[in-house]
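First the structure, in the form of structure tokens, and then the observations on it.
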Amino acid sequence: DPMLLKNKFRGTMLGVLVGDCLGSPYEGLTTISRHRKVLLQRRLNKLWNTKFREPVMVYTDDSAMTRSLAESLIEKQDLDIVDVAKRFAKSYHEEPDRGYGAGTATVLKEWKRHVEETNIKIPAKNLFDGLGSYGNGGAMRIAPVALFSYNNYDKLLYYVKEATEITHAHKLGINGAILQAIAIQQSLCLNASEELNVTNFVDDLINKMDKIENASEFKERLNIVKNLLSEDGDEPNEQRVVEQLGVKVRALESVPTAIFCFLKAQKRIKRIRTDDPLRRAIQYAISLGGDTDTIASMTGAIAGAFYGYEKFSVLLLSHCEEWERFREMADKLLDIATSI
Ligand code: 8NA
Ligand code: MG
Ligand code: MG
Ligand code: MG
């Protein structure tokens, strides 16, 4: 159904934006106190239900890099990593204060001086004493690549790796982006009007990661996701999730967490008062603390791909910087993805 797919593409791109905008004020807080959770509940009630009258919520590096990647795919009608790098560098140069990770910023400054096909991956390889970055910066921006190649799995894997390696050379950074992309792809292909089998969702991810080189750490985390889902009932259990899955800027300690937030929010969660599972997923992700903008953004992308754009309130969307631009990018990505 083309309308359904359009709704899901929009949901993915707007999920990135909404999670980032809502999560960024809490980024880096190690614990979200009971009091702050009550305030978060009230803030989201207000944002979901009232007409735009506050200053717009600005997005951070997560959405900025997602935007550049989407615009490159749209303009070039294919993945052109030199063009992506140029757009990343330009966007960073214009707005360096969007909250970029230090390693990524180093690469972006390097590219500002010159970018060529032959040297494109070298700055990323040199980061962190030659280990490369294992940050979640590859995963946080990968949604447009997942949309672009949603109907060609081999292409998806190859493009995700290519788009990630230009800044994240460490296997955990790359495999984190792969996991995030395949979670989005799985969500796109599911029907939200049927109950989601959360165990099957994780098992499918585990089976796919099994075929990826050096992905044992992610498979272990996915097994923890499964255990937590089966044990926790409607308790929020933020502490155990933080301890067992993590909420850090490392891909390994944030991508499985985002997948968990999406799956846990299929059911009611105590003290998160909403009937909307898309909002529940994002609110829950923020309530874990840590890298809140990025985890909420990745959760939003997966949940948005599942539920679709219509589950977001337009009132909420109208509070987010450039939301109409993100919706337009989704439509253009759909045109390309279904025409090639
Ligand atoms: P990155 O590549 O700089 O990685 C993030 C951080 O992880 C680095 O700055 C290092 O501290 C650490 N790191 C990564 N790889 C290694 C390694 N091999 N050895 C030692 N340390 C390493 O940037 P990124 O683009 O991956 O980062 C994305 C995150 O940074 C997102 O959360 C984004 O929003 C941003 N950010 C996060 C915070 C926060 O407090 N959580 C604050 C500002 C910005
Ligand atoms: Mg950010
Ligand atoms: Mg930030
Ligand atoms: Mg972040």
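Quick caveat: nothing in here was measured; it's all calculated off a predicted structure. Numbers here are sequence positions counted from 1.
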Stepwise side-chain hydrogen bond (donor to acceptor under 3.5 Å, both in side chains) check, S297 with D62: CA-CA 8 Å; S297 180; D62 309 67; 5.0 Å; no
Shared hydrophobic cluster for I142 and V16 (ILVMFWY, side-chain gaps under 4.5 Å): no
Same apolar cluster: Y153 and L5, side chain cutoff 4.5 Å: yes
Nearest atoms (heavy-atom pairs only) where A251 meets F218: O-CE2, 3.9 Å
Test ring-ring contact (aromatic ring centres under 6.0 Å, His included) applied to Y92 - qualifying residues, sequence neighbours left out: Y100
Derivation of the side chain to side chain contact (heavy atoms under 4.5 Å, CB included) call for L79 and I81: CA-CA 6 Å; L79 179 67; I81 55 174; 4.1 Å; yes
N197 side, atom CG; Q266 side, atom CD - distance, nearest 0.5 Å: 10.5 Å
Residues which pass ring-ring contact (aromatic ring centres under 6.0 Å, His included) with Y309, listed by chain and number, not counting sequence neighbours: none
Intermediate values then yes/no, salt bridge (charged side-chain N to carboxylate O under 4.0 Å, His left out), E235 and R240: CA-CA 11 Å; E235 279 301 323; R240 290 184 59 210; over 6 Å; no
Heavy-atom side-chain contact between L157 and I178 under 4.5 Å: yes
S133 side chain to H168 backbone, donor-acceptor under 3.5 Å: no
Interatomic spacing from OG1 in T66 to CG in D20 - rounded to 0.5 Å: 8.0 Å
Verdict with supporting geometry, R268 and D275, salt bridge (charged side-chain N to carboxylate O under 4.0 Å, His left out): CA-CA 8 Å; R268 293 183 163 280; D275 294 328; 2.5 Å; yes
Parallel, tilted or perpendicular: rings of F88 and W111 (30°, 60°): parallel
Option passing side-chain contact (heavy atoms from CB on, under 4.5 Å) with L288 (candidates T299, L245, V241): V241
Within one Ile-Leu-Val-Met-Phe-Trp-Tyr cluster: V314 and L47, side-chain cutoff 4.5 Å: yes
Residues Y134 and N175: side-chain donor-acceptor under 3.5 angstrom: no
Greater than 12 external heavy atoms within 6.0 Å of K161's NZ: no
Spatial distance of atom CD1 (I206) from atom CG (L179) [nearest 0.5 Å]: 10.0 Å
Side-chain (T294) to main-chain (M140) donor-acceptor, under 3.5 angstrom: no
R87 with D83: basic N within carboxylate O range, under 4.0 Å: yes
Matching residue for K37 among Q283, E238, R42 - test: side-chain contact (heavy atoms from CB on, under 4.5 Å): E238
Donor on one side chain, acceptor on other, S193 and N191, under 3.5 Å: yes
Closest heavy-atom pair and its distance - M298, Q180: O-NE2, 3.2 Å
I336 backbone acceptor or donor facing S339 side chain under 3.5 Å: yes
Closest approach of A177 to G138 (non-hydrogen atoms, all atoms of both residues): CB-C, 3.8 Å
ring-ring contact (aromatic ring centres under 6.0 Å, His included) involving F260 - partner list, sequence neighbours excluded: none
L278 CG to L14 CG distance, which is reported to the nearest 0.5 Å: 10.0 Å
Gap between atom CD1 of I272 and atom NZ of K264 - 0.5 Å precision: 8.5 Å
Transitive ILVMFWY side-chain link L29 to L40, under 4.5 Å: yes
Geometric class of the F148/Y159 ring pair [parallel <30°, tilted 30-60°, perpendicular >60°]: parallel
Heavy-atom closest pair, residues K121 and I166: CG-CG2, 4.3 Å
Backbone of Y284 reached by a side-chain donor or acceptor of S287 within 3.5 Å: yes
NZ/NE/NH1/NH2 to OD/OE distance under 4.0 Å, R98 and E321: yes
Audit row: K267, D234, salt bridge (charged side-chain N to carboxylate O under 4.0 Å, His left out) steps and yes/no: CA-CA 7 Å; K267 295 203 183 125; D234 64 353; over 6 Å; no
Side-chain donor/acceptor of K8 to backbone N/O of F306, under 3.5 Å: yes
Minimum heavy-atom distance between I182 and L156, given as atom pair plus value: CG2-CD2, 3.8 Å
T104 side chain to R141 side chain, donor-acceptor N/O pair below 3.5 angstrom: no
Non-hydrogen atoms of A330 and M13 that approach each other most closely: CB-CG, 3.7 Å
K155 NZ: over 12 foreign heavy atoms closer than 6.0 Å: yes
Sequence-distant partners of Y158, side chain to side chain contact (heavy atoms under 4.5 Å, CB included), two or more places apart: E162
S254 and D291: side chain donor to acceptor below 3.5 Å: no
Verdict with reasoning, D331 to R327, per salt bridge (charged side-chain N to carboxylate O under 4.0 Å, His left out): CA-CA 6 Å; D331 292 349; R327 186 179 59 183; 5.4 Å; no
For Y150, all residues meeting ring-ring contact (aromatic ring centres under 6.0 Å, His included), sequence neighbours excluded: F9
Donor-acceptor side-chain pairing of R36 and Y26 below 3.5 angstrom: no
Side-chain donor/acceptor of S72 to backbone N/O of L69, under 3.5 Å: no
Pairs where residues 166-175 contributes a residue and the test salt bridge (charged side-chain N to carboxylate O under 4.0 Å, His left out) is met, not counting sequence neighbours: K171-E217
Neighbour count above 12 (heavy atom, 6.0 Å) for E195 CD: no
Identified side-chain contact (heavy atoms from CB on, under 4.5 Å) partner of I295 from the options V249, V247, I286: V247
Side-chain ion pair, K311 and D276, N-O less than 4.0 Å: no
Stepwise side chain to side chain contact (heavy atoms under 4.5 Å, CB included) test for Q185 and K208: CA-CA 12 Å; Q185 199 262 357; K208 287 172 190 160; 4.3 Å; yes
Gap between atom CH2 of W323 and atom CG of L316 - 0.5 Å precision: 10.0 Å
